[in-house]
Number of protein chains: 2
Amino acid sequence: MTDDDRVFKALADPTRRFLLDLLFAREGQTLTELESAVAMTRYGVMKHLKVLEEADLVVTRRSGREKLHFLNAVPIREVHDRWIDKYTERHVAALIDLKNELESER
Amino acid sequence: MTDDDRVFKALADPTRRFLLDLLFAREGQTLTELESAVAMTRYGVMKHLKVLEEADLVVTRRSGREKLHFLNAVPIREVHDRWIDKYTERHVAALIDLKNELESER
DNA sequence: TTGACATGTGACCTTTTGGTCACCTATCGT
DNA sequence: ACGATAGGTGACCAAAAGGTCACATGTCAA
């Protein structure tokens, strides 16, 4: 499995995207903190965090008995740059689409 | 299942990303053409294309007995703008401002 | 030092996903 | 008209993913 593949697969699950949202809102949360924010047992959250870690979307630091989780945006940026930009051609395409959209509404 | 979810799930599979690559390289390919480019039966490709269509990443047009497939980058851009930029802090402010400006003129 | 707390592991189950196949319909060219 | 060609459907199967649980280790704090 390639790095890209791991990242895309990790992003495919809504719970995992929500965990990233939580870490984006506040870095350094523990498993227990994250667990309390989703309707799922600790074990489910652990599995999701493991997937995110293996995709390098989350990095961790031990602090005593706690494990702190941090969002790492680098893989997202890489996927973004290597793959998504190719299809979005943003600055030009967005304007063209918007123009068409507005014209069709007249 | 939300639109976002469908798009992320569709992008999670490497074969589907490859199909998008193929359509990016040459638009309007038929099922048979696409099939010949991947190590899989026609039925497998059909299933993947169905997932891509349901995510609106691929749009189609019938032409006689052929079905032509086209890449549609709009959902990718939406996911990109709504979700990925949040983590990558890209410089898209100008475009977004312009979009908002144009939209407010409606 | 001992009980509560934070995390970890492996087995287990269910649902989803990826893929194939038999069979079917529609359309083209001659 | 008719064979070849393009695409479609539903059943089916194996593998992977999502989730829970029993049990286990390490760490804090009084």
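So you know, we letter chains A, B, ... as the sequences are listed, proteins then strands, and number each from 1. Please read all numbers here as calculations on a predicted model, not as lab measurements.
Remark: side-chain polar atoms of Gln29(A) are paired, donor with acceptor, to backbone N or O of Leu22(A) under 3.5 angstrom. Not one N or O on the side chain of Arg16(B) forms a donor-acceptor pair closer than 3.5 Å with the backbone of Leu52(B). Between the side chain of Thr30(A) and the main chain of Glu33(A), a donor-acceptor pair closer than 3.5 Å is present.
Going from atom CD of Glu35(A) over to atom P of dC21(D) covers 12 Å, rounded to whole Å. In this structure, the CZ atom of Arg6(B) is 12 Å from the P atom of dT17(C), given to the nearest Å. Atom pair Gln29(A):CD and dT7(C):C1' shows a separation of 16 Å (rounding to whole Å applied). Nucleotide dT9(C) holds its C1' atom 13 Å from the NZ atom of Lys67(A), rounded to whole Å. Look at CG on Asp5(A): it is 13 Å from P on dA16(D), rounded to the nearest Å. Between the P atom of dT15(C) and the NZ atom of Lys9(B) lies a distance of 16 Å, rounded to the nearest Å. Rounded to whole Å, atom P of dA6(C) lies 12 Å from atom CG of Leu68(A).
Looking at which nucleotide of DNA chain D each of Arg65(A) and Ala12(A) is closest to, the 5′-most match is held by Ala12(A). A residue-by-residue look at Arg16(A) and Glu66(A) shows that Arg16(A) has its nearest nucleotide of DNA chain D further toward the 5' end.
Annotation: side chain to side chain contact (heavy atoms under 4.5 Å, CB included) contacts of Asp56(A) (sequence neighbours excluded): Val59(A), Asn72(A), Pro75(A). Looking at residues two or more places apart in sequence or on another chain, you find a side chain to side chain contact (heavy atoms under 4.5 Å, CB included) between Arg61(B) and Leu68(B), Phe70(B).
Between Thr32(A) and the phosphate of dC5(C), there is no side-chain N or O to OP1/OP2 separation shorter than 4.0 Å.
Contacts between residues 40-60 of chain B and DNA chain D, counted as heavy-atom distances below 4.0 Å, involve Arg42(B), Tyr43(B), Met46(B).
Within the 4.5 Å cutoff, side-chain heavy atoms of Trp83(A) are placed close to those of Leu11(B).
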